[in-house]
Amino acid sequence: MKKTILSLIGILLGAFSFAQEAEIPQILEQREASNLALRAFDEELNATFSTEDSFVTTGAGTLIAGKEALSAYIKSQSGPRMYWIRTPDEVLVNPKILLAWETGTWKGYVEGSDEAVVEGKYSAQWTKASGIWLIHSQLFVTLEN
């Protein structure tokens, strides 16, 4: 009986690990595409990588709720145009409830420059409720500027 239970646990862990490993590349592809959209200043394309009710906490601590509010926030910013690149350090997936955790570093660049002017850490929650991985929330913390 003990051997059967251990075998079952091993099978379940293996299935969970396989399911997680199958999802991570999809999330990383979405992140890379989002980074490319930001670098091209294509806010419309970048918005397609988030849920309608997504949340963003900016590096300075401003909480933005929803795609429309994020678009208005971006349009309200003055000064030189900037883009952000997020570099994942870790992605963990719960395939049972289709949620994922991503954490890493981010850097902000002024248009036309390849030298970061601001940077920090970020975390993101992804959901696959719609059938594709989308960002539901992101938290950015500025640590260097």
Side-chain angles (χ1 to χ4, degrees), residues 6-145:
L6 289 175
S7 294
L8 183 59
I9 290 171
I11 290 169
L12 291 174
L13 288 174
F16 182 83
S17 178
F18 176 77
Q20 181 164 306
E21 293 302 317
E23 302 295 334
I24 291 172
Q26 295 172 34
I27 293 167
L28 294 175
E29 286 176 21
Q30 289 286 85
R31 175 56 75 200
E32 180 61 22
S34 173
N35 280 340
L36 291 172
L38 285 170
R39 188 171 189 143
F41 298 98
D42 190 338
E43 296 300 329
E44 188 175 317
L45 176 59
N46 188 54
T48 66
F49 300 105
S50 297
T51 62
E52 288 297 323
D53 61 345
S54 62
F55 292 93
V56 174
T57 302
T58 68
T62 301
L63 177 61
I64 303 165
K67 284 186 184 182
E68 288 183 33
L70 179 58
S71 178
Y73 175 81
I74 291 168
K75 290 175 184 173
S76 75
Q77 299 303 297
S78 60
R81 291 197 318 171
M82 291 188 66
Y83 65 93
W84 296 265
I85 300 297
R86 287 76 40 94
T87 303
D89 292 330
E90 179 180 44
V91 177
L92 301 172
V93 176
N94 182 331
K96 290 180 184 176
I97 59 172
L98 301 174
L99 290 176
W101 161 268
E102 173 193 1
T103 187
T105 57
W106 65 271
K107 293 184 178 186
Y109 302 85
V110 174
E111 183 176 20
S113 174
D114 288 328
E115 187 173 326
V117 295
V118 63
E119 60 188 83
K121 295 280 195 173
Y122 78 94
S123 294
Q125 178 192 46
W126 292 80
T127 178
K128 198 176 181 183
S130 67
I132 61 170
W133 286 106
L134 297 174
I135 300 164
H136 185 254
S137 62
Q138 296 186 96
L139 167 66
F140 297 91
V141 178
T142 302
L143 298 172
E144 303 267 341
N145 63 342

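These numbers were taken from a predicted model, which means no experiment stands behind them.
Below 30°, between 30° and 60°, or above 60°: for Tyr83 and Tyr109 the angle between ring planes is below 30°, a parallel geometry.
When all heavy atoms of Ile27 and Ala100 are compared, the closest pair comes out as CD1-CB, 3.4 Å. Minimum interatomic distance between Leu45 and Thr48 (heavy atoms only, all atoms of both residues): O-OG1, 2.5 Å. The nearest pair of heavy atoms linking Trp106 to Val141 is NE1-O, 3.3 Å.
From Gln125, atom CD reaches atom CD of Gln138 across 11.0 Å, with rounding to the nearest 0.5 Å. Between Trp126 atom CH2 and Gln26 atom CD the span is 11.0 Å, to the nearest 0.5 Å. Separation of atoms CD1 (Ile24) and CH2 (Trp133) is listed at 9.5 Å; rounding is to 0.5 Å. Here the CG atom belonging to Asp114 is positioned 10.0 Å from the CD1 atom belonging to Ile85, to the nearest 0.5 angstrom. Rounding to the nearest 0.5 angstrom, the gap separating the CG atom in Asn35 from the CZ atom in Arg86 is 4.5 Å. Atom OH of Tyr122 sits about 3.0 Å away from atom CD of Glu102, to the nearest 0.5 Å.
By the 6.0 Å contact criterion, CD on Gln77 is enclosed, its count of non-hydrogen atoms from other residues, nucleotides or ligands being greater than 12. Annotation: Glu43, atom CD; neighbour count of heavy atoms from other residues, nucleotides and ligands within 6.0 Å is above 12. Other residues, nucleotides and ligands contribute more than 12 heavy atoms inside 6.0 Å of the CD atom of Glu111. The environment of Lys67 atom NZ is dense: over 12 non-hydrogen atoms of other residues, nucleotides or ligands sit within 6.0 angstrom.
With a 4.5 Å cut-off on side-chain heavy atoms, Val117 and Met82 count as touching. Contact annotation: the side chain of Arg31 never approaches that of Phe49 to less than 4.5 Å [non-hydrogen atoms, C-beta and beyond]. Asp89 places a side-chain heavy atom less than 4.5 Å from the side chain of Lys121. Side-chain contact between Glu119 and Thr105 is absent, with no heavy atoms from C-beta onward closer than 4.5 Å.
For Thr127, the side-chain contact (heavy atoms from CB on, under 4.5 Å) partners at least two apart in sequence or on another chain are Thr51, Leu99, Ala129, His136.
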